[in-house]
Amino acid sequence: MTSTQSSQSSQPKISHSMAAVNGQKQRFWMPEIASYFVAGGAAGAASRTVVSPLERLKIIQQVQPQTSDGQYKGVWRSLVRMWKEEGFRGFMRGNGINCLRIVPYSAVQFTTYEQLKKWFTAYGTKELDTPKRLASGALAGITSVCATYPLDLVRSRLSIATASIPLQAKQALPSSSVMATSGAKQALASAYHTSSSSLNQTVSKRAELTMVGMTLKVMREEGGVPGLYRGLVTTAVGVAPYVGINFATYEALRGVVTPPGKNNIVRKLACGAIAGSISQTLTYPFDVLRRKMQVTGMADGGLGYHYNGAFDALRSIIRTEGLRGLYRGLWPNLLKVAPSIATSFFTYELVKELLVTP
C-alpha cells in the first residue's frame, strides 16, 4: 500500500512537470521564435552598417597582393584614400548585400542559438554550462552560414571590385620582341585588343557592380551555382568556433559585468565588445582563408594567386607571407568588431525585450 500510494502521489508531480514543459514548448514555438528572428535581423543590420567602411577595408587588405606600391596600408590613410577615390559610396560599397545577407544570417543564428539552448537544457530542466553554450553557438553559426553563404561571397566580390588594388600582370612581353618588326605588330595587336577589352569591360562593369550582376557573373564564369559556394567548408569550420566562443564569452561576461542592479547600457556594450574581440582574434586566420577562397576564382581579378583548396591556400600563405599573412587586416577588423558585436548584442536584447510580452 505504501509503495502504491507513493507512486500515485508522485504521478501528479511528474505529469505536472511534463505539462509545464509542454506549456513552455507551446509558448516558445511561435511568439518567441518570431521575436528572436526579428530581433536578430535588426541586430545584424544595425551592427554591420555602423562599421561598413572598416569591414570593406578589412576585406581589401586580406586579398590585395603583396606588392611594394599601391597597397592599402594603415587604417586612417586607407579610409581617407577610399573617401577620395569613391566618396561615401565607397564606404558603403557592398553594405547593401551585406545587410541583405546579415539580416537572415543574424536572424537564423540568434534563433537557432536560443532554440538549441532550450533543447540542450531540456527546456530548463538541466543546467546551461559552458560546453552547452559553445555547442549551441557553433551549430548556430554553421546553420546561418549554410543558409546565406552565396550572399557573403557576392558581397566580398563587390567590396574589392572597385578598389584600386594593384593587379599583377599575367605575362610580360620580352623587350627584344618590341624592337623587331613582327614584335611591333604583335604589340600593336595586343594594344588594340587591350583597348577593346578595356572598353568592353568599362561598358559591362557598371552592370556587374550590382548584387544581381555580380551573382550572374560568378555563375557564368565559375561553374554555375557551385561557384557561389566556393570556400563554404572553410567558412563553416571557422565560423563554428567563432560563434561558439562569442556567445559563450558574452553570456559569461554578462554574469560578471552586469549583475542585478548594474545592468546599464555601457556595461552591456562592454560585454559585447570584449566577447567579439576575443572570438575574432582567436579565429581570425579562418576569416583570411575564407576571403582568399572567395576571390580566388575571379577570372579578371589579377590578384596573383589561385588555390586548389583550403589546405593549398593555407600552405601557400604561410610559405609566401609567413604566419603574419594569416592575420592581414586584423587591426581594422579589431577596430570594427568591438562596436559591431556590441551593437549587435545590445540591439538584439533591446528589440527582443520590446517584442516579447511578459
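All values below were derived from every heavy atom in this structure, side-chain atoms included, with hydrogens, water molecules and symmetry-related copies excluded.
- Within the 3.5 Å criterion, the main-chain N or O of Ser106 finds no donor-acceptor partner in the side chain of Ser144.
- The ring-ring contact (aromatic ring centres under 6.0 Å, His included) test applied to Phe247 returns Phe110, Tyr113, Phe345, not counting sequence neighbours.
- Closest heavy-atom contact between Ala140 and Leu116: N-CD1, 4.1 Å.
- Checked against salt bridge (Lys or Arg N to Asp or Glu O under 4.0 Å), Lys132 has the following partners two or more places apart in sequence or in another chain: Asp129.
- Residues Ile142 and Tyr105 fall into different hydrophobic clusters, defined by Ile, Leu, Val, Met, Phe, Trp and Tyr side chains chained together at heavy-atom separations under 4.5 Å.
- Put simply, CG on Leu335 and CD on Glu55 are 12.5 Å apart, with the number rounded to the nearest 0.5 Å.
- Partners of Tyr284 by side-chain hydrogen bond (donor to acceptor under 3.5 Å, both in side chains), not counting sequence neighbours, listed by chain and number: Gln62.
- In this structure a side-chain-to-backbone donor-acceptor pair under 3.5 Å is missing from Ser344 to Ser340.
- Between Val154 and Pro150 there is no side-chain heavy-atom pair separated by less than 4.5 Å.
- The shortest distance between side-chain heavy atoms of Arg56 and Glu86 falls below 4.5 Å.
- With contacts defined as side-chain heavy-atom distances shorter than 4.5 Å, the pair Trp119/Leu139 does not qualify.
- Put simply, OG1 on Thr143 and CD on Gln109 are 9.5 Å apart, with the number rounded to the nearest 0.5 Å.
- Counting heavy atoms from C-beta on, the side chains of Arg89 and Met92 never come closer than 4.5 Å.
- Closest heavy-atom contact between Ile245 and Thr249: O-OG1, 2.6 Å.
- Between the side chain of Ser316 and the backbone N or O of Asp312, no donor-acceptor pair lies under 3.5 Å.
- The side-chain heavy atoms of Leu326 and Leu323, taken from C-beta on, include a pair separated by under 4.5 Å.
- Trp83 meets the ring-ring contact (aromatic ring centres under 6.0 Å, His included) test with Phe91; sequence neighbours excluded.
- Residues Val218 and Leu232 share a hydrophobic cluster, clusters being chains of Ile/Leu/Val/Met/Phe/Trp/Tyr side chains in contact below 4.5 Å.
- The two residues Ala46 and Thr347 make their nearest non-hydrogen contact at CB-OG1, 4.1 Å.
- Residues Tyr149 and Val237 do not share a hydrophobic cluster, clusters being chains of Ile/Leu/Val/Met/Phe/Trp/Tyr side chains in contact below 4.5 Å.
- Within the model, atoms CG of Asn246 and CD of Gln280 stand 8.0 Å from one another, a figure rounded to the nearest 0.5 Å.
- Residue Met219 holds its CE atom at 14.0 Å from CE of Met214, rounded to the nearest 0.5 Å.
- Residues Thr343 and Pro339 come closest through the heavy atom pair OG1-O, 2.6 Å.
- Residues Gly238 and Thr283 come closest through the heavy atom pair O-CB, 4.2 Å.
- One finds a salt bridge joining Glu85 and Arg81 here, because a Lys/Arg side-chain nitrogen approaches an Asp/Glu carboxylate oxygen to under 4.0 Å.
- Of all heavy-atom pairs between Ala42 and Val351, the closest is CB-CG2, 4.2 Å.
- In the hydrophobic cluster analysis, where Ile, Leu, Val, Met, Phe, Trp and Tyr join through side-chain heavy atoms closer than 4.5 angstrom, Val233 is grouped apart from Leu289.
- Rounded to the nearest 0.5 angstrom, Ile341 CD1 and Cys271 SG are separated by 13.0 Å.
- Among pairs with a residue in residues 252-262, those fulfilling side-chain hydrogen bond (donor to acceptor under 3.5 Å, both in side chains) read Tyr250-Arg254, Arg254-Thr258, Arg254-Asn263, Arg254-Glu349, at least two apart in sequence or across chains.
- By the criterion of side-chain heavy atoms lying less than 4.5 angstrom apart, applied directly or through intervening Ile, Leu, Val, Met, Phe, Trp or Tyr residues, Ile278 is not grouped with Trp331; the two fall into different hydrophobic clusters.
- In summary, Arg328 and Glu321 engage in a salt bridge, as defined by a charged side-chain N under 4.0 Å from a carboxylate O.
- Inter-residue side-chain proximity for Leu79 and Leu54 is flagged as met; some heavy-atom pair is nearer than 4.5 Å.
- The 12-atom threshold is exceeded at OH of Tyr242, counting heavy atoms of other residues, nucleotides or ligands nearer than 6.0 Å.
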Determine, stepwise, if the pair Glu114 / Lys118 fulfils salt bridge (Lys or Arg N to Asp or Glu O under 4.0 Å).
CA-CA 7 Å; Glu114 296 282 4; Lys118 292 177 180 290; over 6 Å; no
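- For the pair Lys268/Ile265, no side-chain contact is recorded, criterion being any heavy-atom separation below 4.5 Å from C-beta on.
- For the pair Ser279 (side chain) and Gly276 (backbone), a donor-acceptor distance under 3.5 Å is present.
- To the nearest 0.5 angstrom, Asp152 atom CG is 8.5 Å from Ile102 atom CD1.
- Lys84 is linked by a side-chain contact (heavy atoms from CB on, under 4.5 Å) to Val80, counting only residues two or more places apart in sequence or in another chain.
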What verdict does the side chain to side chain contact (heavy atoms under 4.5 Å, CB included) test give for Val108 and Phe37, after you've listed the backbone C-alpha separation in whole Å, the side-chain angles of each residue and the deciding distance to 0.1 Å?
CA-CA 7 Å; Val108 170; Phe37 213 81; 4.1 Å; yes
